[in-house]
Amino acid sequence: MTAPSAAGRSAVADRPALRRCVAVDPDAFAGEHWGRAPLLSSAEALPKAFEDLLTLADVDELLSRRGLRTPFLRVAKNGSVLSSSQFTAGGGVGAEIGDQVADDKVARLFDEGSTLVLQGLHRLWPPIIDFCSALSADLGHPAQVNAYITPASSQGFSAHYDVHDVFVLQVAGEKRWMVHEPVHPDPLRSQPWDQHAAAVAARASEPPLIDEVLRPGDALYLPRGYLHSARALGEVSAHLTVGVHVVTQYALAEALLAIAGSDADLRASLPLGVDVADPDALAPFVAAAAATLSRAVGSASPADVAGRVRDRVWQGTRPAPLAPLAQVAAAQDLVVGARVRLRPGLRHRLTPAGDRCVLDVPGNHLSLPATTAPALDALLTGATAVVGSLPGLDDADQLVLVRRLLREGVLVPG
């Protein structure tokens with residue numbers, strides 16, 4: 001009695017969000033490109049273009065009518081990020097804030113050749129919220145989305161690498177992309193490109209691995225570490241960058257190290273007066289710590305590691321938004337015959353625990369009677385369910401269960 005998580009179900013499903021980004025079968029992408037090699041996908045080979053996610057008109061609306069504040073907008077020119085004071089102002093009467101995006105300032109900077117970076121669109125713009133949630137579930141790794149809007153014949157950033165994988169989705173205009181092999185493969189988040197600036201500059205002067213023009217509907221996948229730069233051609237260019245914050249072996253090591261913190265020997269203080277700058281003085285303590293650490297991590301269970309990594313990954317991507325007022329009303333007015341469904345994008349895991357079962361969701365652990373397991377299994381499939389037709393419970397108990405899950409944000413009205 002364990003319902004697969006959203007990510008687990010996606011592993012055997014069609015992965016429609018991923019298919020929008022790559023022109024090969026998801027299994028081929030996983031085996032040949034994921035974390036290994038770039039992939040360029042033409043619009044003709046993809047299901048559809050990306051104008052349903054963002055258009056230039058949408059960009060204007062975000063910049064002028066949505067009350068954006070920093071850091072949801074960055075502005076860059078010639079490889080340098082401008083101070084937010086150059087494109088923000090006070091919010092006016094009734095809005096006591098000082099960092100609201102000023103559309104007239106943005107227009108002036110854009111006219112002068114600055115690139116606009118709309119950050120965190122996976123939290124701002126409904127089509128991208130839904131798309132990013134679905135893609136994160138398909139990949140099993142958290143994702144974010146930024147948009148880069150570049151004036152004609154301009155370049156916002158010089159050659160650099162990212163510490164996360166990216167999908168570049170060209171929305172409007174044309175942009176020439178130059179991609180080079182890594183100078184520091186598979187960088188961690190603590191290893192940004194400026195730590196290798198000289199090597200990056202030298203590699204960027206060599207012939208590129210990829211030199212292609214992306215047009216509307218084209219997509220490019222880049223594993224972390226691949227150098228890249230882009231220049232808009234003869235018109236305004238806009239693309240979405242989906243940043244995938246991949247879970248690494250190092251993340252497992254971090255979880256193991258956190259678990260090792262429960263070992264009393266590792267928590268013990270070093271002797272008074274020890275000279276930590278002297279390798280010889282420190283050597284026996286290093287050896288002892290290494291031996292203790294090996295013992296501690298060697299006894300850690302996969303379940304302990306999974307719990308820590310799971311929480312980190314699940315918290316990295318929020319599920320689909322829910323409407324607070326409608327959600328409360330649905331719980332208060334719930335009746336037999338009401339239709340409900342799993343909140344889209346919600347990661348979850350259901351496990352037995354004696355006469356109870358535990359439903360883990362991001363930030364919450366719900367302990368429920370084991371008798372609710374068949375009904376929970378039905379609800380967690382993601383299909384719309386009808387209160388009164390759930391297995392294993394009478395109508396009154398179904399109402400109690402569904403009402404609680406609505407209040408906890410696990411289910412939404414269907």
Side-chain angles (χ1 to χ4, degrees), residues 1-11 122-123 129-130 132-144 245 247 251 254-255 258-259 262 301-334 338-385 387 390 392-393 397-414:
M1 181 216 50
T2 299
S5 67
R9 289 199 313 277
S10 179
H122 59 293
R123 296 304 310 149
I129 292 172
D130 295 341
C132 188
S133 177
L135 182 61
S136 295
D138 282 357
L139 297 172
H141 299 255
Q144 66 175 71
H245 294 252
V247 183
E254 289 179 316
I259 292 169
S262 63
S301 73
D304 291 336
V305 175
R308 291 177 180 270
V309 176
R310 176 190 67 209
D311 290 345
R312 177 175 169 181
V313 171
W314 284 5
Q315 296 285 1
T317 302
R318 294 187 185 184
L322 54 78
L325 303 185
Q327 193 77 8
V328 170
Q332 291 177 345
D333 301 336
L334 189 68
R339 300 168 68 85
V340 294
R341 61 192 175 95
L342 181 68
R343 184 178 179 183
L346 182 73
R347 307 295 182 91
H348 60 271
R349 182 174 178 81
L350 181 65
T351 54
D355 62 350
R356 310 289 291 178
C357 59
V358 176
L359 177 60
D360 287 313
V361 295
N364 206 353
H365 304 272
L366 306 179
S367 177
L368 299 159
T371 54
T372 64
L376 287 166
D377 283 335
L379 291 166
L380 295 176
T381 63
T384 298
V387 179
L390 299 174
L393 300 175
D397 287 340
Q398 289 184 49
L399 287 168
V400 170
L401 174 64
V402 171
R403 187 174 290 115
R404 180 178 181 188
L405 295 180
L406 285 167
R407 287 176 167 152
E408 298 285 358
V410 176
L411 300 179
V412 294

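For reference, positions follow the sequence shown, starting with 1. Since this is a predicted model, take the numbers as computed values, not measurements.
- In this structure, CG in Leu350 is found 7.5 Å from OG1 in Thr372, a value given to the nearest 0.5 Å.
- A distance of 15.0 Å separates CG in Leu334 from CZ in Arg404, rounded to the nearest 0.5 Å.
- Listed by first and then second residue, the salt bridge (Lys or Arg N to Asp or Glu O under 4.0 Å) pairs that reach into residues 311-334 are Glu254-Arg312, sequence neighbours excluded.
- Using a 4.5 Å cut-off on side-chain heavy atoms (C-beta onward), Val410 and Arg343 make no contact.
- Listed by first and then second residue, the salt bridge (Lys or Arg N to Asp or Glu O under 4.0 Å) pairs involving residues 364-374 amount to none (not counting sequence neighbours).
- Of the inter-residue distances, the one linking Thr371 atom OG1 with Asp397 atom CG reads 7.0 Å to the nearest 0.5 angstrom.
- The side-chain heavy atoms of Pro362 and Leu346, taken from C-beta on, include a pair separated by under 4.5 Å.
- In this structure, Leu393 and Ala375 approach most closely via the heavy-atom pair CD1-CB, 3.8 Å.
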Pair His122, Thr317 - check side chain to side chain contact (heavy atoms under 4.5 Å, CB included), show working. CA-CA 9 Å; His122 59 293; Thr317 302; over 6 Å; no

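- Atom CD of Glu408 sits about 10.5 Å away from atom CD of Gln327, to the nearest 0.5 Å.
- Taking NE2 from His141 and OG from Ser136, the interatomic distance works out to 10.0 Å, rounded to the nearest 0.5 Å.
- Remark: the backbone N or O of Ser367 is paired with a side-chain donor or acceptor of Arg356 at under 3.5 angstrom.
- Within the 4.5 Å cutoff, the side chain of Leu342 has no heavy atoms near those of the Leu379 side chain.
- Interatomic distance, His348 NE2 to Leu376 CG, rounded to the nearest 0.5 Å: 10.0 Å.
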